[in-house]
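We're numbering straight along the sequence, starting at 1.
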Amino acid sequence: MASTSAPRGGGDVPSASGIMTTSASMLCSENQSLIVEMRKVFNMMKEIAVDLERENESAKVNELENTVAELLATYEDCTYQTSAIESVGSTYQPGAELTDFKKLLNDEFMKFKGNKSSAPQNHPLLRQFREAVWNVHHSGQPMPGEEHEDIVMTSTQPTILNITCPLSGKPITELAEPVRGVDCKHVYEKKAIMGYISINAQAKCPVTGCPRYLRQDKVVSDPLLLVEIEEMRSMSKENMTATLVEDFTMTDDEEED
């Protein structure tokens, strides 16, 4: 794929960089929708695995785990591709020479992929899958190799960075209109953060310690956010159930003593 820098024809012709920015935004939106659907499939597969584990179908659970690992590899590639498209869309400047967009995007993709661990076995979502299966018969117990409490806690942490809105104080799971900063990835109540930005010429992210500055066009409700919030709700329910099971077990033990 190649492009020249000069637009053809007369009148108000959009600049090449403007066209690139618009095209990149459209492609990112399509990629984001695909990522959301894959996340939904992952959650569905996790629920199926839990049901299979309850039926002691270990072989089928193992097969499903392998499939999940393959899905997560594709999931990661899609996120790197989205980042690459965003990067090219925001930095591209046409020149006198033809631009090889295929090479440009591939170079950016490899840059993002090379900066992160791409091993599906280490993916936090796969750990969530394994933990959900493990908790069917071992609720409240650490998974093998994760006997230390600090390690166990990392496997259940949500992907959302802050658990409450720094302005309204409401839990993220209770926000009426959650939005997320494009740059810092913190989550806020839309009405609260938009009001905050409107009265601050340089609106710094209100999360303590965050150095990023916010703009109204850089605080959005991306489709993946709603999925992640639903996952937080689900994880909270699972943790509550595990706590109740542990409490009942301790009560039974005390009665036997």
What's the separation between atom [atom1] in [X] and atom [atom2] in [Y], rounded to the nearest 0.5 Å?
| X | Y | atom1 | atom2 | value |
| --- | --- | --- | --- | --- |
| Asp77 | Phe109 | CG | CZ | 4.0 Å |
| Glu76 | Ile35 | CD | CD1 | 9.0 Å |
| Ile160 | Lys185 | CD1 | NZ | 12.5 Å |
| Arg212 | His186 | CZ | NE2 | 10.5 Å |
| Asn31 | Tyr80 | CG | OH | 14.0 Å |
| Thr164 | Glu189 | OG1 | CD | 12.0 Å |

Looking at side-chain heavy atoms only, is the closest gap between [X] and [Y] below 4.5 Å?
| X | Y | value |
| --- | --- | --- |
| Met38 | Cys78 | yes |
| Val41 | Met45 | yes |
| Ser221 | Lys190 | no |
| Leu161 | Val187 | no |
| Asp183 | Cys205 | no |
| His137 | Glu53 | yes |
| Val227 | Asn43 | yes |
| Leu226 | Pro178 | yes |

Can [X] and [Y] be counted as an ion pair, charged N to O under 4.0 angstrom?
| X | Y | value |
| --- | --- | --- |
| Glu63 | Lys60 | no |
| Glu228 | Arg180 | yes |
| Asp107 | Lys103 | yes |
| Arg130 | Glu65 | yes |

For the hydrophobic clusters of this structure (ILVMFWY residues joined by side-chain heavy atoms under 4.5 Å, transitively), does one cluster hold both [X] and [Y]?
| X | Y | answer |
| --- | --- | --- |
| Tyr188 | Ile199 | no |
| Ile48 | Leu125 | yes |
| Leu175 | Ile229 | yes |
| Leu64 | Val50 | no |
| Tyr213 | Val182 | no |

Specify whether Trp134 and His138 have parallel, tilted or perpendicular ring planes, treating 30° as the upper limit for parallel and 60° as the lower limit for perpendicular. parallel
In terms of the angle between their ring planes, are His123 and Tyr75 parallel, tilted or perpendicular, with boundaries placed at 30° and 60°?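 Perpendicular, since the angle between the ring planes exceeds 60°.
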Nearest non-hydrogen partners of [X] and [Y], listed with the distance:
| X | Y | result |
| --- | --- | --- |
| Tyr196 | Lys204 | OH-O, 2.6 Å |
| Val68 | Leu126 | CG1-CD1, 3.8 Å |
| Leu105 | Val88 | CD2-CG2, 3.8 Å |
| Gly89 | Ala24 | CA-CB, 3.7 Å |

Would you confirm whether Ser29, through its side chain, and Ser25, through its main-chain N or O, come within 3.5 Å as a donor-acceptor pair?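 Side chain of Ser29 to backbone of Ser25: no pair is present.
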Indicate yes or no for a side-chain donor-acceptor contact from Ser198 to the backbone of Gly195 under 3.5 Å, with no hydrogens or angles considered. yes
side-chain contact (heavy atoms from CB on, under 4.5 Å) evaluation trace for Leu34 with Glu30: CA-CA 6 Å; Leu34 178 59; Glu30 292 176 2; over 6 Å; no
Go through the steps for Gln128 and Glu131 under the test side-chain contact (heavy atoms from CB on, under 4.5 Å), then give the verdict. CA-CA 5 Å; Gln128 285 185 25; Glu131 186 170 10; 5.7 Å; no
Ser87 versus Glu108, side-chain donor and acceptor atoms under 3.5 Å: yes
